[in-house]
A.B. asks: 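Below you'll find the structure I mean.
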Amino acid sequence: METIRTLSDCIDLDGRTFALLGPMKIADPAHTPVRGDLAHIALAGRYFVPHYAVPLTRRVGTAGAALRAGGRADAETLAKLAAGSRFDVLDIAGGIAWGQAVEPSGDGSLVGYVALDQLEDAA
């Protein structure tokens with residue numbers, strides 16, 4: 001644990017004090033929907049980022065989808081997502097969605113990238 005050196009190392013936000021001691025440490029990046037620029041709205045107050053997003057729930061299409069570690073087609077595949085499974089979209093750029101594949105149990109949900117054309121509106 002780092003020690004706060006001076007009061008200028010801290011920021012007060014709505015009566016809560018946060019220490020500004022360097023890059024944030026994400027306890028479990030594979031399962032925590034937070035990047036340097038964006039995080040799931042449920043993580044507000046736990047992670048300091050410029051933007052928080054309310055997830056847009058989508059379903060994986062009939063062919064299934066590859067959950068990738070990066071926003072490119074040649075990025076490492078983290079998991080194969082089953083058709084009809086839930087994917088919470090937090091960001092869309094260049095035909096790629098970044099978000100979290102939500103397990104029905106709510107446990108073990110992985111964060112990654114999915115091609116937007118492999119997702120459908122949630123019914």
Side-chain angles (χ1 to χ4, degrees):
M1 176 186 254
E2 296 186 48
T3 304
I4 298 172
R5 295 174 294 279
T6 68
L7 191 55
S8 65
D9 290 339
C10 298
I11 185 170
D12 185 282
L13 182 64
D14 294 330
R16 296 174 64 188
T17 302
F18 295 90
L20 302 176
L21 299 174
M24 67 182 158
K25 293 173 181 62
I26 302 168
D28 185 5
H31 298 96
T32 308
V34 61
R35 315 185 298 207
D37 65 330
L38 181 69
H40 191 294
I41 189 71
L43 299 175
R46 291 184 16 207
Y47 293 96
F48 185 70
V49 295
H51 304 282
Y52 298 93
V54 175
L56 177 64
T57 300
R58 292 289 182 246
R59 297 283 172 195
V60 174
T62 56
L67 181 70
R68 299 196 180 275
R72 298 184 333 262
D74 63 346
E76 173 191 1
T77 299
L78 301 172
K80 298 286 186 183
L81 304 179
S85 61
R86 180 175 149 194
F87 187 79
D88 284 349
V89 176
L90 296 168
D91 189 31
I92 297 172
I96 303 292
W98 175 75
Q100 189 169 31
V102 181
E103 296 291 325
S105 66
D107 296 330
S109 301
L110 287 172
V111 174
Y113 296 82
V114 174
L116 199 53
D117 62 3
Q118 295 178 327
L119 299 173
E120 301 173 348
D121 289 341

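Along the sequence shown, residues carry numbers from 1.
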A.B. asks: So how far is it from Leu110 CG to Phe87 CZ, rounded to the nearest 0.5 Å?
C.D. replies: 10.0 Å
A.B. asks: Just to verify, what does Arg59 make a salt bridge (Lys or Arg N to Asp or Glu O under 4.0 Å) with, not counting sequence neighbours?
C.D. replies: none
A.B. asks: Considering non-hydrogen atoms only, spot the tightest contact between His31 and Val111 and give its length.
C.D. replies: C-CG2, 3.8 Å
A.B. asks: Provide the closest heavy-atom pair for Pro33 versus Leu43 in the form atom of the first, atom of the second, distance.
C.D. replies: O-CD1, 3.5 Å
A.B. asks: Show every donor-acceptor pair shorter than 3.5 Å between a side-chain atom in residues 112-123 and any protein atom, with sequence neighbours excluded, or say none if there are none.
C.D. replies:
from: Asp121; atom 1: OD1; to: Arg58; atom 2: NH1; distance (Å): 3.4
from: Asp121; atom 1: OD1; to: Arg58; atom 2: NH2; distance (Å): 3.4

A.B. asks: Pair up each side-chain donor or acceptor in residues 74-83 with any protein partner under 3.5 Å, not counting sequence neighbours, and list the distances.
C.D. replies:
from: Asp74; atom 1: OD1; to: Arg72; atom 2: NE; distance (Å): 2.9
from: Asp74; atom 1: OD1; to: Arg72; atom 2: NH2; distance (Å): 3.3
from: Thr77; atom 1: OG1; to: Arg68; atom 2: NH1; distance (Å): 2.8

A.B. asks: Only counting residues at least two apart or in another chain, list the ones meeting salt bridge (Lys or Arg N to Asp or Glu O under 4.0 Å) with Arg35.
C.D. replies: Asp37, Asp91
A.B. asks: Any link between Ile96 and Leu90 through a network of hydrophobic side chains (Ile, Leu, Val, Met, Phe, Trp, Tyr) touching at under 4.5 Å?
C.D. replies: yes
A.B. asks: Provide the closest heavy-atom pair for Gly36 versus Pro50 in the form atom of the first, atom of the second, distance.
C.D. replies: O-CD, 3.4 Å
A.B. asks: Between atom CH2 of Trp98 and atom CG of Leu67, what is the distance when rounded to the nearest 0.5 Å?
C.D. replies: 11.5 Å
A.B. asks: Are Val60 and Leu56 connected into the same hydrophobic cluster when the rule is that any two of I, L, V, M, F, W, Y join if their side-chain heavy atoms are below 4.5 Å apart?
C.D. replies: yes
